[in-house]
Protein chains: 2
Amino acid sequence: MELTDRKRKILNAIIRNYLETGEPVGSRTISRYTDLNLSSATIRNEMSDLEEMGYIVQPHTSAGRIPSDKGYRLYVNALVEEKTSQVSAMNTLMIYKTNRMEEILKQVVRLLATRTNYTTMISAPSYKGNKVKFIQLSRLNERQLLTVVVIEGNIIKNHIIDLDESINEEQVLKLNLLLNTRLNGLTLADINLGLISNIKEEAGIHVQVVNDVLDTIAEVIRAETDENMEIYTSGANNIFRYPELADKSRASQLITALEEKSLLADFIKDTEADETDPGTGIKVYIGEEGPVESMKDCSVVTATYDLGDGLQGTIGIIGPKRMDYEKVMHNLNTVKESLNELFRTKKVTDEVTDDEVMPSGPGSQT
Amino acid sequence: MELTDRKRKILNAIIRNYLETGEPVGSRTISRYTDLNLSSATIRNEMSDLEEMGYIVQPHTSAGRIPSDKGYRLYVNALVEEKTSQVSAMNTLMIYKTNRMEEILKQVVRLLATRTNYTTMISAPSYKGNKVKFIQLSRLNERQLLTVVVIEGNIIKNHIIDLDESINEEQVLKLNLLLNTRLNGLTLADINLGLISNIKEEAGIHVQVVNDVLDTIAEVIRAETDENMEIYTSGANNIFRYPELADKSRASQLITALEEKSLLADFIKDTEADETDPGTGIKVYIGEEGPVESMKDCSVVTATYDLGDGLQGTIGIIGPKRMDYEKVMHNLNTVKESLNELFRTKKVTDEVTDDEVMPSGPGSQT
DNA sequence: GTTAGCACTCGATGTATTGGAGTGCTAACA
DNA sequence: TGTTAGCACTCCAATACATCGAGTGCTAAC
């Protein structure tokens with residue numbers, strides 16, 4: 001059967017109405033809603049066809065119809081086409097400037113949640129290059145060394161090494177020089193066994209330190225590429241606004257998914273893997289289209305943002321299938337713009353970083 | 001009216017029964033449950049008294065009774081007394097060793113949640129001393145400096161400074177020396193205006209660097225004492241196990257509270273402020289006793305843990321008022337033991353730290 | 001002081017009944 | 001041939017009503 005223009009209009013009307021009300025929509029409603037001037041009976045025939053084609057679904061006999069995943073997909077595709085051709089209304093977000101990346105992300109994800117009334121997530125930007133840029137060893141006291149490793153993209157990692165034997169300033173200086181000359185500009189892949197044993201030889205007795213520095217480098221690089229992606233979420237409570245997500249079992253599953261960031265990471269990895277999208281960089285997962293089983297009652301809309309220098313991450317909005325896709329996509333665009341804006345004007349104070357507590361065991365009082 | 005021994009026993013029986021079933025308990029149940037050999041009628045009379053005294057409450061006429069906050073309080077107090085006199089069964093937790101404090105905390109909070117079936121939280125240990133221990137400036141390139149500040153307790157913070165004017169190695173060395181000799185061993189309070197202008201004078205043209213280092217110090221110290229406490233939670237989905245917390249509005253409020261770490265921080269601050277507890281370090285907030293309005297249907301049990309060196313934090317368990325206080329307190333003790341254990345045996349690899357991404361604006365490609 | 005007995009309350013549960021929104025189908029119409 | 005009016009039918013949601021049972025308070029007897 002062919003999807004005539006009229007059928008298309010009716011389908012759109014059904015979807016739009018359902019987005020608003022969340023209730024199944026009947027033929028009579030459409031008959032008045034649209035400007036097609038058709039009787040409800042005609043609409044009924046068309047709806048019957050649409051159902052047969054799989055665009056809409058009847059929750060039970062003698063209820064109205066609701067869109068199927070396939071129906072939503074058609075609708076969203078149309079939206080996307082429309083969107084890309086039109087210039088997105090610039091409307092930057094007020095992001096409070098701060099030096100800590102973490103703060104910015106939390107702010108953004110929160111803003112987005114309150115603006116859209118959906119649940120939101122954002123992944124910290126990760127850097128693809130991963131070349132070692134700078135290594136600094138500092139002598140804290142005769143048995144402790146502070147290691148700081150900076151890799152391209154200005155990701156900083158530090159570590160305190162407890163030494164088995166004491167070390168003096170001169171030795172530290174030498175090691176610094178050695179490590180920097182040998183390792184700068186290399187990626188983890190470049191640092192092979194031959195190189196390592198080579199360096200160890202030159203380092204003489206300070207093998208332990210070299211080992212540790214290499215571990216630290218390995219850690220910083222791994223942390224940025226791997227599984228344990230940093231993800232922030234906000235507005236989890238918004239799921240209770242939508243009855244279709246708010247019942248006990250569904251809500252519980254969703255809350256669990258939000259807590260298990262690894263599930264969210266699946267969406268982000270999927271988004272990042274797929275570079276074939278039209279250009280807006282916005283991707284929509286409707287229901288079962290997504291990679292996460294327990295979120296099959298939701299739609300997820302994601303977008304990648306780019307801070308320049310190859311530093312990029314993903315923003316996502318999680319809501320019911322009947323979410324306001326148009327609004328959501330618009331908001332995602334706004335956020336992308338705003339983040340760009342922020343980092344373009346941030347030239348002056350363009351550092352953001354920091355670190356964490358580290359407890360020192362009872363053995364290390366000096 | 002006096003709380004006779006018999007009334008006490010009946011009250012206990014009511015509470016214990018209610019903890020198990022979650023349903024109002026009637027006189028007949030108690031009449032059989034206890035070994036008092038009293039008829040339901042007698043129990044009824046006693047229950048009537050207990051209600052008048054405010055220990056129990058009737059949800060509606062002709063339902064059984066449920067404990068009031070006051071009733072729980074009596075019960076918990078008795079529990080605590082009993083607990084402290086008895087040696088807590090040592091039963092350490094399997095904590096997977098890792099170098100990152102964050103990982104350990106996440107592990108602990110998660111373990112605790114799955115063990116207890118309640119929602120859990122843990123605050124990162126914070127250090128009370130806050131003396132500057134070591135400052136390291138490194139020249140990344142002629143316009144960028146890396147600042148690393150270590151304070152006692154080995155909390156590390158770093159920062160990249162973009163300079164208005166170029167700087168050479170020699171100048172960096174001088175600044176390093178200057179800052180270390182002047183600031184080491186001082187707390188934030190010690191660093192007054194006089195000292196600052198003094199240092200700035202000595203620093204000559206590099207006022208900007210001095211300012212930034214001071215900012216960084218201020219930030220690291222503030223971050224550890226202040227509001228923005230790091231708190232991890234787990235097992236949010238567990239609230240759906242308890243019907244009295246699982247209805248839409250309550251669940252939504254709770255989820256919000258868990259997301260708004262600031263509310264949880266209120267509990268932690270309260271716990272830490274109160275050093276007058278019996279010695280177990282365990283504190284129980286029943287319903288409205290807690291500082292957070294939106295959690296008045298919950299009980300929260302907290303305990304402080306101590307990693308030595310004055311580094312301490314708080315663990316908390318959030319559940320319905322009818323939570324299994326005994327189990328919860330026992331588990332908290334176990335976790336305390338385990339954390340102690342972990343850091344006692346961690347002497348060799350006693351560092352834990354790390355850091356974060358920092359994007360570099362498009363202006364800083366070199 | 002304790003207990004048996006009884007009337008009473010009130011939520012929870014189950015069962016009809018009804019109303020309305022919606023459908024599918026058929027026959028008539030343009 | 002496409003459109004529409006009409007009608008029988010379905011099914012959910014809401015309402016009302018009856019019933020059950022757990023629990024209470026009170027009184028009178030032990």
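Side chains included, hydrogens not; waters and symmetry mates left out as well; all remaining heavy atoms used. This structure is a prediction, so every number in the text was calculated from the model and none was measured. Reminder, nothing fancy here: chain letters follow the sequence lines and each chain counts from 1.
For Asn77(A), the side chain to side chain contact (heavy atoms under 4.5 Å, CB included) criterion is met by Arg73(A), not counting sequence neighbours. Under the side chain to side chain contact (heavy atoms under 4.5 Å, CB included) criterion, Asp49(B) pairs with Met1(B), Lys7(B), Glu46(B), Met53(B), not counting sequence neighbours. In this structure Ser40(B) satisfies the side chain to side chain contact (heavy atoms under 4.5 Å, CB included) test together with Ser27(B), Arg28(B), Ser31(B), Arg44(B), sequence neighbours excluded. Every residue was checked against the salt bridge (Lys or Arg N to Asp or Glu O under 4.0 Å) condition with Glu20(A), not counting sequence neighbours, and none meets it. Under the side chain to side chain contact (heavy atoms under 4.5 Å, CB included) criterion, Asn12(B) pairs with Arg16(B), Tyr75(B), sequence neighbours left out. Listed by chain and number, the residues in a side-chain hydrogen bond (donor to acceptor under 3.5 Å, both in side chains) with Glu51(B) are Arg65(B) (sequence neighbours excluded). Thr314(A) meets the side-chain hydrogen bond (donor to acceptor under 3.5 Å, both in side chains) test with Glu272(A); sequence neighbours excluded.
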Reading nucleotides 21-30 of chain C from the 5' end, what letters show protein touch, with B for base, S for backbone sugar-phosphate only, - for no heavy atom under 4.0 Å? -BBB------

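A stem is defined here as three or more consecutive Watson-Crick or G-U pairs, each with both distances under 3.5 Å; for DNA chain D these stems are C:1-30 with D:1-30.
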Enumerate donor-acceptor pairs with a distance under 3.5 Å from any side-chain N or O in residues 240-247 of chain B to protein atoms, sequence neighbours excluded.
from: Arg241(B); atom 1: NE; to: Asn238(B); atom 2: OD1; distance (Å): 2.9
from: Arg241(B); atom 1: NH2; to: Asn117(B); atom 2: OD1; distance (Å): 3.3
from: Tyr242(B); atom 1: OH; to: Asn117(B); atom 2: O; distance (Å): 2.8
from: Glu244(B); atom 1: OE1; to: Arg322(B); atom 2: NH2; distance (Å): 3.4
from: Glu244(B); atom 1: OE2; to: Arg322(B); atom 2: NE; distance (Å): 2.6
from: Asp247(B); atom 1: OD1; to: Arg250(B); atom 2: NE; distance (Å): 2.8

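Non-hydrogen atoms lying under 4.0 Å from DNA chain C are contributed by nothing in residues 7-15 of chain A.
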Contacts under 3.5 Å, N or O only, protein and nucleotides 12-14 of chain C:
none

